[in-house]
Each structure stands twice: as C-alpha cells, then as structure tokens.
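Taking it in order: structure first as structure tokens, then the write-up.
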2 protein chains.
Amino acid sequence: MASDPIKVLVVDDEPNIRDLLSTSLKFNGFSVYAVGNGNDAVVAAEKGHPDIILLDVMLPDMSGFAVTKKLRSMSIDVPVLFLTARDETADKVTGLTVGGDDYLTKPFSLDEVIARIQAILRRTQKADVEQSVLEVGEIIMNEDAHEVFVNGEMVDFSPTEYKLLRFLMSNANRVLTKAQILDHVWEYDFGGEMGIVESYVSYLRKKLDPLTKEPVIVTKRGVGYMYKTPKKEK
Amino acid sequence: MASDPIKVLVVDDEPNIRDLLSTSLKFNGFSVYAVGNGNDAVVAAEKGHPDIILLDVMLPDMSGFAVTKKLRSMSIDVPVLFLTARDETADKVTGLTVGGDDYLTKPFSLDEVIARIQAILRRTQKADVEQSVLEVGEIIMNEDAHEVFVNGEMVDFSPTEYKLLRFLMSNANRVLTKAQILDHVWEYDFGGEMGIVESYVSYLRKKLDPLTKEPVIVTKRGVGYMYKTPKKEK
DNA sequence: GTGTTTGCTGAGAACCACCTTAGAGACCAC
DNA sequence: GTGGTCTCTAAGGTGGTTCTCAGCAAACAC
C-alpha cells in the first residue's frame with residue numbers, strides 16, 4: 001500500500017455486480033472505474049491505463065473476448081480477469097487464460113475476487129501487491145500453491161475452508177461478525193443462514209487445534225470470531 | 001474532536017427513532033441531519049456530503065438497499081450503517097457488510113450506535129475519530145479485538161458487561177445516573193427496572209477489583225456511578 | 001439508636017448463542 | 001454410472017447470558 005493505488009477497470013452490464021465490485025474493491029484500496037459495455041471498456045482501457053480489467057464475458061454489445069482481442073490488437077497488454085456465468089465456463093473459457101489472464105465464475109465471493117486480482121498482478125508483476133505467502137502466528141498460507149502449513153505440517157482444506165481461513169488470517173486480531181464473514185467468504189447470492197459459518201469454523205478448529213499450542217480461532221460470544229496470534233501488537 | 005464535527009445523515013420513518021438518534025448523536029458532538037424517507041435521503045446525501053449515513057432498511061417509499069444502490073451509482077461512496085428489525089436480519093443481511101458498511105438490529109443501544117459509527121469511520125479513514133484502543137487508568141480496552149486488559153491481564157466480559165464498561169470508561173471521572181446508563185447501554189425499548197444496572201456494576205466489580213489497586217467504579221449514593229482514575233485529568 | 005432509604009450480591013429461571021454431528025443432496029473424477 | 005468429496009441444513013446438547021428477586025448491608029435522617 002505504499003505507492004499509487006492499483007487501478008481496476010470493472011466491465012459488467014449488471015449494475016448490481018458493478019456496484020458490488022466497485023464498493024468492495026475501493027474499500028480494499030483499489031482505484032476503480034466501472035463501465036457497462038464493451039465499447040466503453042475499450043475506450044476506458046485506452047485512456048485510463050488500468051493495471052487489470054475485470055471483464056464480464058457476456059456484454060450487450062460485444063463479447064468480452066472481442067474486447068480483449070481489440071485491446072491486444074491495440075497493443076494494450078493489461079491482464080484480464082474474466083467473469084463468466086457457470087454454464088459458460090467449460091467450453092468457452094478454455095484457452096483464453098493466456099498470458100496472465102484468469103477467470104472466475106459467477107456468483108463469486110468478494111474475498112476470492114481480491115485474491116485472484118492479487119494473484120494475477122503478482123504473476124504479471126505489474127504492480128506491487130501483497131506477498132503470496134501469508135504468515136500469521138503458527139500458520140503459513142502459500143497462496144500460489146494453495147497450501148497451508150501449521151507449525152510445519154501441511155494440512156488439507158476444502159475450498160470453502162481455505163477461503164474462510166484466509167479471510168480470518170488476513171484480519172488477524174480483529175473480531176469479524178458472522179455477517180461480515182458471510183459477505184466476504186461466501187458467494188454474493190448465498191441465501192442461507194449464518195449457521196453455516198459456525199459449521200465451518202468448527203471444521204477449521206477440528207483440523208487446526210490439534211496442531212497448535214492454543215486455539216487460534218476464538219469465539220467472541222455475541223460478537224463474532226477472531227483469528228488470534230499469541231503475540232500482542234497494538 | 002479537533003477539526004470539524006462529523007456529519008451524520010439519519011434516515012428513519014419513525015419520528016421517535018429519528019429524534020432519539022438525533023438527540024443522542026448531537027450530544028456526542030456529531031452534526032446531524034435527519035430525514036424520513038428514501039428520496040429525501042438521496043437528496044440530502046448528495047447535497048450535504050455526510051461522513052456516514054444511518055439508514056433504516058424499511059422505508060415507506062423505497063428500501064434502504066435501493067437508497068444505497070442509487071448512491072453508489074451516483075459515485076457517492078459514503079459508508080452506511082443499516083438499521084434493521086430483528087426478523088429481517090436472517091435473510092436480508094447478505095451483502096450488507098460490503099465495503100465499510102455495517103448493520104445494527106433494532107432495538108439497539110445508543111452507546112452501541114456511537115461505537116459502530118466510530119468503528120466504521122476508523123475503518124474507512126474518512127475522519128479522525130477516537131483510537132480503537134481506549135486506555136483509561138489501569139484498564140485498556142481494544143475495540144477491534146473486543147478485549148480488555150486490566151493491568152496487563154486479560155479479562156473476559158459478556159456483551160452487556162463490555163458495553164457498560166465501555167460507557168463508564170468513555171465517561172471517566174464523571175458521575176452517570178442509573179437512568180443515563182440504562183438509556184445508553186441497554187436497548188431503547190428495555191422495559192425492566194434500574195436494578196439491573198446495580199447487578200451489572202456488581203458483575204464488573206467482581207471481575208475488576210481483584211486486579212486493581214483501588215476500586216475503579218465508585219458509587220455516588222443517591223446519584224449514580226463513576227469510573228474513577230487515580231490521576232485526575234480535567 | 002431506630003427506622004428508612006439505598007445499594008449490594010447471590011440464587012435461580014428462562015432464554016439464547018454456540019458447538020458438534022449426522023445426513024441429504026450436489027458436484028466431480030474416474 | 002459409481003464412489004468420494006464438498007456444501008449446507010437441521011437438531012440436540014451445553015453452557016453462557018440476561019434479568020428478576022429477595023435478603024442483607026450500608027448510609028442517612030431524625
């Protein structure tokens with residue numbers, strides 16, 4: 001977070017998604033510009049020099065692929081994170097993630113978006129982003145390899161468990177409410193109850209606690225959960 | 001409290017709640033403007049440039065979500081603290097804590113409102129507010145972690161105990177009547193007796209006094225209670 | 001001193017938050 | 001398909017939390 005903020009261009013025709021992404025990304029320190037169709041996207045990419053583009057595949061005027069093709073032909077090599085509906089993924093997206101590109105299926109979770117953006121920027125070295133290794137307390141999380149080591153021992157996690165742990169770790173020593181956790185770790189259209197957070201915290205504890213000196217995830221009754229490190233800092 | 005006062009826009013269709021919040025917030029040094037429906041809220045947010053909005057989810061003309069959506073689409077990124085009825089929480093909460101936003105269920109306590117507002121402003125760094133660490137006398141309260149240290153030793157408190165202690169500490173060396181305490185720490189529709197304040201003061205003392213040199217909560221008979229620090233500051 | 005008021009505290013009942021687990025169903029790999 | 005993993009729900013159990021009450025102690029007034 002030292003130098004200039006990372007510039008993100010968001011391209012999606014659904015205002016809801018656009019606002020959701022804008023709000024979330026801005027809050028995470030990115031500079032965001034959002035447009036709703038392909039033509040505007042090309043213009044914005046040309047003039048705004050974004051560091052990365054979040055690009056919906058289905059746009060009203062032209063496909064997201066056409067947008068990138070146009071950009072490449074203009075020698076604009078900004079990396080792209082495609083957003084696709086679940087059924088578009090298999091056949092269409094394959095082979096598109098050339099270069100540093102990647103794709104994400106809708107509905108996604110906000111924490112996942114941030115993580116993917118940082119992964120792409122790390123790979124393309126276009127900007128200084130957070131380390132790919134997140135080390136907090138007794139746990140080391142390697143974002144590139146998707147591996148977690150607890151006091152030197154590797155532990156397997158399901159995708160959701162991994163995302164939850166990452167969110168807790170990146171907010172170490174701060175209480176997070178179940179609503180916050182739900183909003184960031186689960187997909188944005190999740191319609192279920194907050195009890196699922198309790199379940200997944202339970203799963204994490206079952207795997208983590210046998211390997212740590214003290215419980216790392218503490219319950220703040222009536223408030224939420226907190227990933228706690230032994231050392232106390234301000 | 002150095003520079004300009006923090007501007008709060010209150011949006012609620014119930015005049016009682018509006019007055020309650022306005023009075024309380026003004027008394028706490030905020031500059032308050034209150035409206036009763038969504039359209040007025042959008043106009044007020046546009047013209048008044050508030051630092052934060054307290055927004056009821058159920059409004060007569062449009063939902064609180066629609067209001068924020070409209071604001072976001074106008075690139076007005078002011079953080080929002082949603083006010084929801086208890087039964088709305090479960091299904092509707094998803095997406096509320098995106099960005100710097102947060103939510104509070106009705107009925108709430110006034111002290112909680114202040115604390116949440118300060119927490120949001122702290123996170124979004126939109127204004128200079130109090131530190132997240134409240135240190136008064138021998139007690140250190142970390143608001144982010146919801147942890148309290150008494151002379152270096154961590155002490156657990158229930159949510160109500162915590163709120164009471166926070167209220168006493170933030171009014172250190174000032175006598176608070178039981179009625180004041182009840183009004184600020186308990187939910188605004190609490191129907192019980194003031195004896196409960198005595199009970200909770202007793203709970204606090206039982207936990208605090210063994211760790212402090214002298215009692216920190218003193219009784220002013222016939223008046224109320226006071227959190228007392230050894231050194232006296234203005 | 002006596003009586004009255006006010007505050008303190010422990011006990012207990014009702015409630016609620018949380019933990020854990022089992023299981024149904026979706027999804028994926030082979 | 002078939003088996004396995006993963007997600008999510010539901011339900012029982014547990015202990016924490018809230019609040020009331022009643023008896024006792026302390027302060028006060030006379």
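Chain letters run A, B, ... following the sequence lines, proteins first, then strands; residues in each count from 1.
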query: In terms of the angle between their ring planes, are A/Y162 and A/H146 parallel, tilted or perpendicular, with boundaries placed at 30° and 60°?
result: parallel
- prompt: Does B/K206 have a side-chain nitrogen or oxygen under 4.0 Å from the phosphate oxygens OP1 or OP2 of C/dG10?
  reply: yes
Whether A/R205 side chain and A/P215 backbone form a donor-acceptor pair below 3.5 Å: no
query: B/Y200 side chain N/O closer than 4.0 Å to the phosphate oxygens (OP1, OP2) of D/dT18?
result: yes
message: OP1 or OP2 of D/dT18 versus the side-chain N and O atoms of B/Y162: is any pair under 4.0 Å?
response: no
- prompt: Reckon B/F190 touches a base, only the sugar-phosphate, or nothing at all at heavy-atom distances under 4.0 Å?
  reply: sugar-phosphate
query: Atom CD of A/E198 and atom P of D/dG13: how far apart are they, to the nearest Å?
result: 17 Å
message: Counting only side-chain nitrogens and oxygens, does A/K220 get under 4.0 Å of the OP1 or OP2 atom of C/dA17?
response: no
field: Interatomic distance where CZ belongs to A/R221 and P belongs to C/dC15 [whole Å]
entry: 17 Å
query: Tell me: CD of A/E187 to C1' of D/dC8, nearest whole Å?
result: 12 Å
field: B/M194 CE to C/dC8 P, straight-line distance once rounded to whole Å
entry: 13 Å
message: Does C/dT21 have its OP1 or OP2 closer than 4.0 Å to a side-chain nitrogen or oxygen of A/S199?
response: no
- prompt: According to a strict under-4.0 Å criterion, is B/S158 in side-chain N/O contact with OP1 or OP2 of D/dT18?
  reply: yes
message: Without decimals, in angstroms, what is the distance between A/K207 NZ and C/dT20 P?
response: 15 Å
field: Passing candidate, side-chain hydrogen bond (donor to acceptor under 3.5 Å, both in side chains) with B/E143, options B/R122, B/Q118, B/R166
entry: B/R166
- prompt: Does B/K178 put a side-chain nitrogen or oxygen below 4.0 Å from OP1 or OP2 of C/dG7?
  reply: yes
query: Looking at A/I53, A/I117, A/I120, A/D102, which hits side chain to side chain contact (heavy atoms under 4.5 Å, CB included) with A/P79?
result: A/I120
- prompt: Can you tell me if the side-chain N/O atoms of A/S202 get under 4.0 Å from OP1 or OP2 in C/dT21?
  reply: no
field: Euclidean distance, atom CD of residue A/E193 to atom P of D/dT7 [Å, nearest integer]
entry: 19 Å
field: Spacing of B/I196 atom CD1 relative to C/dT9 atom P, expressed in whole Å
entry: 16 Å
query: Contact class for A/G195 (heavy atom, under 4.0 Å): base, sugar-phosphate, or nothing?
result: nothing
task: Please work out which of the three classes, parallel, tilted or perpendicular, describes the rings of A/Y200 and A/W186, given edges at 30° and 60°.
output: perpendicular
- request: For B/F157, answer base if it contacts any base atom (sugar-phosphate contacts may also be present), sugar-phosphate if it contacts only those atoms, and nothing otherwise; contact means non-hydrogen atoms under 4.0 Å.
  value: nothing
task: Starting from P on C/dC18, measure out to OH on A/Y203 and report it in whole angstrom.
output: 17 Å
query: Between C/dC8 and B/R205, is there an OP1 or OP2 to side-chain N/O distance shorter than 4.0 Å?
result: yes
message: Between B/W186 and D/dC19, is there a contact of a side-chain N or O with OP1 or OP2 at under 4.0 Å?
response: yes
Heavy-atom side-chain contact between B/D56 and B/I17 under 4.5 Å: no
